Each structure stands twice: as structure tokens, then as C-alpha cells.
2 protein chains.
Amino acid sequence: MSDLRTILAENLRRLRKDKGLSQEDLAGLAEVDRTYISLIERKRNSISLDKLEQIATALNVEAYLLIKP
Amino acid sequence: MSDLRTILAENLRRLRKDKGLSQEDLAGLAEVDRTYISLIERKRNSISLDKLEQIATALNVEAYLLIKP
DNA sequence: TTGTGACTAAAAGTCCGTT
DNA sequence: CAACGGACTTTTAGTCACA
């Protein structure tokens with residue numbers, strides 16, 4: 001199974017909420033589509049490294065922390 | 001210049017060499033084409049989370065370590 | 001043993017919406 | 001505010017012959 005999708009979904013949602021951001025807020029900061037954040041949090045797709053980096057930057061965290069259990 | 005593609009390329013090559021594996025050996029273990037490993041090490045594409053996990057499993061390491069600086 | 005261009009198939013990612 | 005759908009474009013996945 002895709003454990004990493006679950007880990008990412010959980011980490012992302014936690015970090016996003018901690019910063020008081022909506023999916024749309026984060027999408028704006030990361031310059032990705034609004035629906036895309038939703039897809040990740042629902043584990044519907046296998047995000048690319050480039051997008052992972054964009055989102056990590058928007059959240060001000062190191063990218064690897066997004067997929068660290 | 002330490003974007004995720006570069007970090008992954010370096011970590012992957014280092015881990016692979018440490019285990020004395022050729023690109024072809026690793027490809028076999030990870031069940032991907034040999035040239036695909038070559039593409040990653042040359043930073044040609046932004047690999048997906050699923051593929052990252054597949055390769056991490058083949059190397060017996062946690063996936064996040066592949067993209068940790 | 002690895003790098004590379006060329007190519008098709010598949011999946012990511014966007015943009016319009018509605019519930 | 002978030003889940004979700006459809007239709008679309010862009011990028012990755014995957015493979016080959018050859019250098």
C-alpha cells in the first residue's frame with residue numbers, strides 16, 4: 001500500500017491546521033490549484049517531488065518532514 | 001542549488017554505491033527499468049511519492065531519508 | 001556500466017463547476 | 001470550508017536501441 005500517501009496526508013493536514021490555513025490559503029501560498037491540496041489530503045494522488053517542495057516551502061518546513069512518519 | 005531532485009540524486013547514488021549495487025541491480029530490486037534509475041540520478045524528472053517509496057523499499061531505508069539533505 | 005533521445009501510455013495537476 | 005466530478009493540459013512512467 002501507499003503508506004507515504006497516508007503519512008503525507010496526515011502531516012500536511014496537521015501542519016496546515018496548526019498554521020490556521022484553509023486548503024485554499026495554502027494552495028495560494030504554494031501556487032498550486034485549490035483542488036490539489038484536497039486531493040493530497042484525501043490520498044488520491046502520488047504527488048511529485050517538485051510539488052512536495054513547493055508545498056513544504058509554503059509551510060516553511062523541510063520537505064522531508066512532510067513524509068517522515 | 002540543493003533542490004529535492006539534487007538531494008535525491010545524491011542520496012540515491014550514495015546509498016546504491018554503499019550497497020555495491022549497479023543501477024541495473026537496484027532496478028531489479030525496485031522492479032523498475034534500469035534507465036529509470038539513471039533518469040533519477042541525472043535529475044531528469046520529478047518522481048512521484050509512490051516511486052520514491054518503491055525505491056526506498058528496495059534499498060531498505062525509510063523513504064524520507066532519500067530526500068533528507 | 002551508465003547516459004541519452006525518442007517515443008507512447010499513464011498519471012499528475014489545473015480549471016471549471018456543484019454539493 | 002471541504003469533498004467531489006468532468007474535461008482538460010502537462011509531466012512522469014516506462015521502454016528501446018544505441019553511444
Side-chain angles (χ1 to χ4, degrees):
Chain A
M1 282 303 295
S2 196
D3 244 2
L4 238 40
R5 292 192 190 195
T6 301
I7 293 167
L8 173 61
E10 291 172 354
N11 287 350
L12 180 58
R13 181 159 289 186
R14 191 183 62 251
L15 286 163
R16 181 173 66 75
K17 297 267 189 189
D18 283 352
K19 300 192 186 257
L21 301 170
S22 68
Q23 291 181 348
E24 194 160 5
D25 291 335
L26 178 57
L29 291 171
E31 295 179 293
V32 298
D33 194 79
R34 145 180 85 76
T35 61
Y36 187 57
I37 303 295
S38 175
L39 289 177
I40 298 167
E41 293 191 355
R42 285 181 289 130
K43 306 177 242 177
R44 287 287 303 272
N45 70 358
S46 183
I47 182 173
S48 72
L49 228 52
D50 287 354
K51 293 295 165 191
L52 186 72
E53 187 163 36
Q54 280 181 39
I55 291 168
T57 299
L59 285 169
N60 249 303
V61 297
E62 293 249 36
Y64 78 90
L65 292 174
L66 288 175
I67 59 166
K68 186 177 177 181
Chain B
M1 197 54 181
S2 42
D3 57 56
L4 243 37
R5 291 192 193 197
T6 302
I7 293 167
L8 172 60
E10 291 172 353
N11 287 350
L12 180 57
R13 183 158 288 185
R14 192 183 61 253
L15 286 163
R16 180 173 65 78
K17 297 264 189 191
D18 282 354
K19 298 189 187 261
L21 301 171
S22 67
Q23 290 183 348
E24 194 159 8
D25 293 334
L26 176 56
L29 291 170
E31 295 179 293
V32 298
D33 195 81
R34 171 189 72 75
T35 59
Y36 187 61
I37 302 294
S38 175
L39 292 176
I40 299 167
E41 293 190 356
R42 282 157 40 222
K43 308 175 239 177
R44 198 206 79 159
N45 67 3
S46 179
I47 82 169
S48 72
L49 224 53
D50 287 354
K51 286 295 149 192
L52 186 72
E53 185 164 39
Q54 214 172 310
I55 291 166
T57 299
L59 285 168
N60 250 303
V61 297
E62 293 248 39
Y64 79 89
L65 292 174
L66 288 175
I67 60 166
K68 187 176 176 183

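Lettering of chains follows the sequences in order, A, B, ..., and the numbering in each one begins at 1. These figures come from a predicted structure and were not determined experimentally.
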Practice prompt. May I ask you to evaluate whether B:S38 reaches the phosphate of C:dT4, defined as a side-chain N or O under 4.0 Å from OP1 or OP2?
Written response: no
Q) Does B:R34 have a side-chain nitrogen or oxygen under 4.0 Å from the phosphate oxygens OP1 or OP2 of C:dT2? A) no
Considering only heavy side-chain atoms of A:T35, the closest of D:dC1, C:dC15, C:dG13 is C:dC15
With a cut-off of less than 4.0 Å, is there a side-chain N or O of A:Y36 near OP1 or OP2 of C:dT14? no
Here the distance between atom P of C:dT4 and atom NZ of B:K43, to the nearest Å, is 12 Å
In this structure, NZ of A:K17 is separated from CG of A:L26 (nearest 0.5 Å) by 12.0 Å
(message) Could you tell me if A:R42 and A:S38 have a donor-acceptor pair between their side chains, going purely by distance under 3.5 Å?
(response) yes
Rounded to whole Å, CD of A:E31 lies from C1' of C:dG13 at a distance of 14 Å
Among C:dC15, D:dA13, D:dA2, the one nearest any side-chain atom of A:D33 is C:dC15
Would you classify B:I37 as touching base, sugar-phosphate or nothing, given that sugar-phosphate means primed atoms plus P, OP1 and OP2, and contacts are heavy atoms under 4.0 Å? nothing
- Query: Are the side chain of A:K43 and the backbone of A:A9 linked by a donor-acceptor contact shorter than 3.5 Å?
  - Reply: no
Taken to the nearest whole Å, CG/B:L49 to P/D:dT12 is 14 Å
Result for 5'-nearest mapping on DNA chain C, choosing between B:R42 and B:S48, is B:R42
Rounded to whole Å, CD1 of A:I47 lies from C1' of D:dT12 at a distance of 14 Å
request  = Return no unless some side-chain N or O of B:S46 is found under 4.0 Å from OP1 or OP2 of D:dT12.
outcome  = yes
### Query
Quick one: is C:dA12 close enough that its OP1 or OP2 comes under 4.0 Å of any side-chain N or O from A:R5?
yes
**OP:** Indicate whether OP1 or OP2 belonging to C:dG13 is found under 4.0 Å from a side-chain N or O atom of A:Q54.
**Re:** no
B:D18 (side chain) donor-acceptor with B:L15 (main chain) under 3.5 angstrom: no
#### Entry: Residues A:R5, B:D50: salt bridge by 4.0 Å N-O rule
yes
* **A:R13 side-chain N/O to D:dA3 phosphate OP1/OP2 under 4.0 Å** => yes
When rounded to whole Å, the CG to C1' distance for the pair B:N45 and C:dA12 reads 12 Å
In whole angstroms, the gap separating C1' of C:dT4 from CD1 of B:I40 amounts to 16 Å
Among C:dT2, D:dA2, D:dA13, the one nearest any side-chain atom of B:R44 is D:dA13
For B:L39, does its backbone N or O pair with a side-chain atom of B:N45 as donor and acceptor, under 3.5 Å?
no
note: B:L26, atom CG; D:dG14, atom P; distance rounded to Å ~ 14 Å
Atom CG of A:L39 and atom P of C:dA11 are separated, to the nearest Å, by 15 Å
- At under 4.0 Å, does any side-chain N or O of A:K51 touch on OP1 or OP2 of C:dT14? yes
